Amino acid sequence: MLTCKELVGRSSDLLDGELKFKQRLAVAAHLAVCLRCRRFIRQLRLGQRVIRQLPDADVAELDALIKAMQAVRRDHH
């Protein structure tokens with residue numbers, strides 16, 4: 001059976017649906033007995049859903065924001 005550390009290491013692949021069948025079985029077996037890892041995966045899935053609902057940011061707007069923040073930082077140092 002997987003350790004908690006191994007499950008955390010595979011969590012991105014799990015959420016992205018990139019685990020092979022045998023790996024998915026090992027993850028499912030671990031989650032069946034580990035409440036802490038079930039909570040961890042539930043939180044990751046929630047975060048993933050929230051991020052997917054965010055509007056796409058305009059790259060030019062982000063660049064301008066970064067430059068403005070850098071300018072403010074320079075002015076205060």
Side-chain angles (χ1 to χ4, degrees):
M1 180 158 32
L2 290 178
T3 65
C4 294
K5 186 175 182 176
E6 290 169 328
L7 182 125
V8 169
R10 295 180 182 171
S11 60
S12 289
D13 290 338
L14 172 67
L15 294 180
D16 294 339
E18 296 179 0
L19 292 179
K20 295 179 181 177
F21 179 74
K22 191 173 180 179
Q23 293 171 321
R24 285 194 319 264
L25 286 178
V27 167
H30 182 89
L31 292 175
V33 297
C34 185
L35 175 63
R36 292 170 70 190
C37 285
R38 283 196 306 271
R39 287 180 181 159
F40 172 73
I41 295 298
R42 191 176 321 128
Q43 288 298 317
L44 286 180
R45 286 185 174 139
L46 176 61
Q48 191 178 50
R49 284 194 302 270
V50 168
I51 289 170
R52 286 182 179 155
Q53 291 178 2
L54 294 173
D56 290 336
D58 181 22
V59 174
E61 288 179 27
L62 289 176
D63 285 342
L65 178 60
I66 289 169
K67 288 178 183 175
M69 291 172 66
Q70 290 170 338
V72 168
R73 193 171 189 197
R74 269 193 314 271
D75 293 343
H76 286 89
H77 287 265

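Just so it is clear, the model here is predicted, and its values are computed rather than measured.
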I'd like a table of donor-acceptor pairs (distance under 3.5 Å, sequence neighbours excluded) in which one partner is a side-chain atom from residues 3-22, with atom names and distances.
from	atom 1	to	atom 2	distance (Å)
Thr3	OG1	Glu6	N	3.1
Thr3	OG1	Glu6	OE1	3.4
Glu6	OE1	Thr3	N	2.8
Ser11	OG	Val8	O	2.7

With a cut-off of 3.5 Å and sequence neighbours excluded, list every side-chain donor-acceptor pair involving residues 26-54.
from	atom 1	to	atom 2	distance (Å)
His30	ND1	Leu2	O	2.8
Arg38	NH1	Leu31	O	2.6
Arg38	NH1	Ala32	O	3.4

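- The other residues sharing a hydrophobic cluster with Leu65 are Met69, where clustering joins ILVMFWY side chains under 4.5 Å apart.
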